[in-house]
Amino acid sequence: MGLWGPSVTKLHGTEVAMDSYHFWKDFFDAFRSSSDAIKALWIIVPSCTLLGLTWIVVNAPWLRGRRVMYVDAAVIALPT
């Protein structure tokens with residue numbers, strides 16, 4: 001018995017043991033059988049997401065604080 005119940009499923013009316021299923025093997029088989037454009041997106045999208053998140057963290061104004069200059073009761077926010 002598996003963690004979530006019996007490790008047997010029915011496929012077209014026949015019981016099939018799920019012990020032989022490997023997620024990573026299935027994942028990489030699907031990756032290899034996809035088109036070249038999809039493979040390129042698999043490489044580009046996560047790296048751009050990581051680059052964007054890094055840019056947000058590095059340039060986060062809530063982490064640096066803002067420089068403020070007071071002039072005659074008017075507040076002027078200086079570019080940082």
Side-chain angles (χ1 to χ4, degrees):
M1 178 176 275
L3 181 64
W4 304 106
S7 59
V8 173
T9 188
K10 287 195 176 211
L11 179 66
H12 304 294
T14 308
E15 288 189 357
V16 178
M18 292 298 289
D19 294 334
S20 63
Y21 177 74
H22 298 283
F23 172 77
W24 291 111
K25 181 182 180 307
D26 190 34
F27 175 78
F28 287 118
D29 285 342
F31 178 78
R32 283 193 312 210
S33 65
S34 63
S35 68
D36 289 340
I38 298 298
K39 289 177 187 175
L41 286 175
W42 270 97
I43 295 170
I44 293 170
V45 169
S47 58
C48 288
T49 302
L50 185 62
L51 183 65
L53 287 174
T54 304
W55 184 84
I56 288 172
V57 169
V58 167
N59 294 312
W62 60 86
L63 295 177
R64 293 188 276 161
R66 295 191 62 122
R67 294 186 306 165
V68 178
M69 181 175 66
Y70 295 95
V71 177
D72 292 334
V75 177
I76 301 171
L78 298 174
T80 55

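Residues: numbered from 1 along the sequence shown.
- Listed by first then second residue, pairs satisfying side chain to side chain donor-acceptor pair (under 3.5 Å) with a partner in residues 38-56 number zero, not counting sequence neighbours.
- Hydrophobic clustering, with ILVMFWY side chains joined whenever heavy atoms are under 4.5 angstrom apart, keeps Leu51 apart from Val58.
- The aromatic rings of Trp24 and Phe27 stand perpendicular to each other, their planes meeting at an angle above 60°, with 30° marking the opposite boundary.
- The salt bridge (charged side-chain N to carboxylate O under 4.0 Å, His left out) pairs that include a residue from residues 25-37 are Lys25-Asp29, Asp29-Arg32, where partners are two or more places apart or lie in different chains.
- By the criterion of side-chain heavy atoms lying less than 4.5 angstrom apart, applied directly or through intervening Ile, Leu, Val, Met, Phe, Trp or Tyr residues, Leu41 is not grouped with Leu50; the two fall into different hydrophobic clusters.
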